[in-house]
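Below is one structure, written out as structure tokens, with a few remarks after it.
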Amino acid sequence: MAAPSDEEGAVGPRCHHRSTAMLDVPFLPFCAFLGTLGLLCVAMVGTWCQHWRGGFSLDGSSRTFNWHPVLMVTGLVVLYGAAALVYRIPNTWSGPKLPWKVLHGSLALGAFILTVLGLAAVFCFHNSQGTPNMYSLHSWMGLGTVLLFSCQWAAGFGAFLLPWAPSWLRALYKPIHVFFGSTILMLSVASCVSGINEKLFFSLKNGTMEYKLLPAEAVFANTLGLLILIFGVLVVAALARPSWKRPDSDSPDSRQ
């Protein structure tokens, strides 16, 4: 069998390069799409609670509970995802890192505050209604995610923002911080999706169209769950993309 010519052998690499170029999406348009998707998730969870679940209040009723999904999706998913992507912005690759560290930590802190308020809403509702706390897999996973988030933020603050943290400690902890950042986001998505499903099972029964008959509320909430899942997957994909990562301080690109 005759060996392929140089021209024929180059077809494979050229096709691979062409397909790679077609999949190479610039970061900023991707970030704009992701931001729009995140805002859509927040708008949809707010619409769900306002239109189908009776709105919001602070009286300990089910309307107090409605703050829980809104604050969790806003803080634990969307705002946390935004914090995770700060160092993927090309403007952060040059100049001082401190302002971007402060922005990253501030967004994460804001996400944590909203998350704590969301937990307070659901505990207030349960206590006022005499409902036991922490009885479902959703609640265990959600609280575990929040506790892990708090440890992540405290450790990141101590290692990267405090001036006396040694450089060897930062280098040692950085891959751990990055790994748990993605892990917490996926746990957050799983907690939100399981919470949506749990709420539909509890709500769509007596006096309403059953969940298995797929009423409009079920379709809307399931769509919300899918969008939250897509948002989380896209954020993790952006974090894993090598061309969007900030160059290491010791790399040739960074020195240049």
Please examine the side chains of [Y] and [X], heavy atoms only from C-beta on, and report whether any two atoms are closer than 4.5 Å.
X    : Y    : answer
K101 : V86  : no
V236 : M186 : yes
L71  : T115 : no
L34  : L85  : yes
Y87  : W93  : no
L200 : I196 : yes
L114 : L76  : no
S136 : E198 : yes

**Message:** Please determine whether ring-ring contact (aromatic ring centres under 6.0 Å, His included) holds for the pair H51 and F220, giving the CA-CA distance in whole Å, both sets of side-chain angles, and the decisive distance to 0.1 Å.
**Reply:** CA-CA 11 Å; H51 181 71; F220 188 89; 8.2 Å; no

**Request:** Step by step, work out the side chain to side chain contact (heavy atoms under 4.5 Å, CB included) result for F160 and K174.
**Result:** CA-CA 9 Å; F160 301 119; K174 181 179 177 181; 4.2 Å; yes

Do [X] and [Y] belong together in a cluster built from hydrophobic side chains that touch within less than 4.5 Å?
X    : Y    : answer
V73  : M141 : no
L143 : L187 : yes
V235 : I230 : yes
Y211 : L226 : no
L107 : L39  : no

When rounded to the nearest 0.5 angstrom, what distance separates [atom1] in [X] from [atom2] in [Y]?
X    : Y    : atom1 : atom2 : result
S139 : L119 : OG    : CG    : 10.5 Å
T131 : F202 : OG1   : CZ    : 9.5 Å
L172 : S167 : CG    : OG    : 11.0 Å
Y80  : L185 : OH    : CG    : 6.5 Å
C31  : I89  : SG    : CD1   : 6.0 Å
T208 : W52  : OG1   : CH2   : 13.0 Å

With ring centroids as reference points, do [X] and [Y] lie under 6.0 angstrom apart?
X    : Y    : result
W140 : Y135 : no
H68  : F65  : yes
F157 : W153 : yes

Is a side-chain N or O of [X] found less than 3.5 angstrom from the main chain of [Y], in a donor-acceptor match?
X    : Y    : value
Q152 : H177 : yes
S182 : F179 : no
R53  : R63  : no
S128 : F125 : yes
S188 : V77  : no
Y173 : A155 : no
H104 : A83  : yes

**Request:** Would you please classify the geometry between the W244 ring and the F30 ring as parallel, tilted or perpendicular, with 30° and 60° separating the classes?
**Result:**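 Ring orientation of F30 relative to W244: tilted.
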
**Asked** Near W67 CH2, under 6.0 Å, is it more than 12 heavy atoms from other residues, nucleotides or ligands?
**Response**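 Count not over threshold, so no.
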
**Asked** In this structure, which one of V78, L227, V45 forms a side-chain contact (heavy atoms from CB on, under 4.5 Å) with L40?
**Response**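 Only one of V78, L227, V45 forms a side-chain contact (heavy atoms from CB on, under 4.5 Å) with L40, namely L227.
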
**Message:** Give me the atom names and distance for the closest heavy-atom approach of T64 to C124.
**Reply:**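 Here T64 and C124 meet closest at CG2-SG, 4.3 Å.
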
**Asked** Just by distance, with hydrogens left out, do S194 and H138 show a side-chain donor and acceptor under 3.5 Å apart?
**Response**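 S194 vs H138: donor-acceptor pair found between side chains.
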
**Request:** Could you verify whether a donor N or O on one side chain and an acceptor N or O on the other, from N133 and N127, lie under 3.5 Å apart?
**Result:**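 N133 vs N127: donor-acceptor pair found between side chains.
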
**W48 vs T223, side chain to side chain contact (heavy atoms under 4.5 Å, CB included): CA-CA, chis, key distance, verdict** = CA-CA 11 Å; W48 177 35; T223 303; over 6 Å; no

**Asked** Which ILVMFWY residues are connected to M209, directly or by a chain of links, through side-chain heavy atoms under 4.5 Å apart?
**Response**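 Its cluster mates, by chain and number, are L213.
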
**Cation-aromatic face contact K212/F201, 6.0 Å, 45 degrees** =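 K212 over F201 ring: no.
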
**Request:** Apply the test side chain to side chain contact (heavy atoms under 4.5 Å, CB included) to residues E210 and K205: give CA-CA distance (whole Å), side-chain angles for both, the deciding distance (0.1 Å), then the verdict.
**Result:** CA-CA 5 Å; E210 294 184 4; K205 47 182 183 178; 5.5 Å; no

**Request:** Might you work through the side chain to side chain contact (heavy atoms under 4.5 Å, CB included) test for F56 and C49, ending with a clear yes or no?
**Result:** CA-CA 8 Å; F56 304 91; C49 293; 3.7 Å; yes

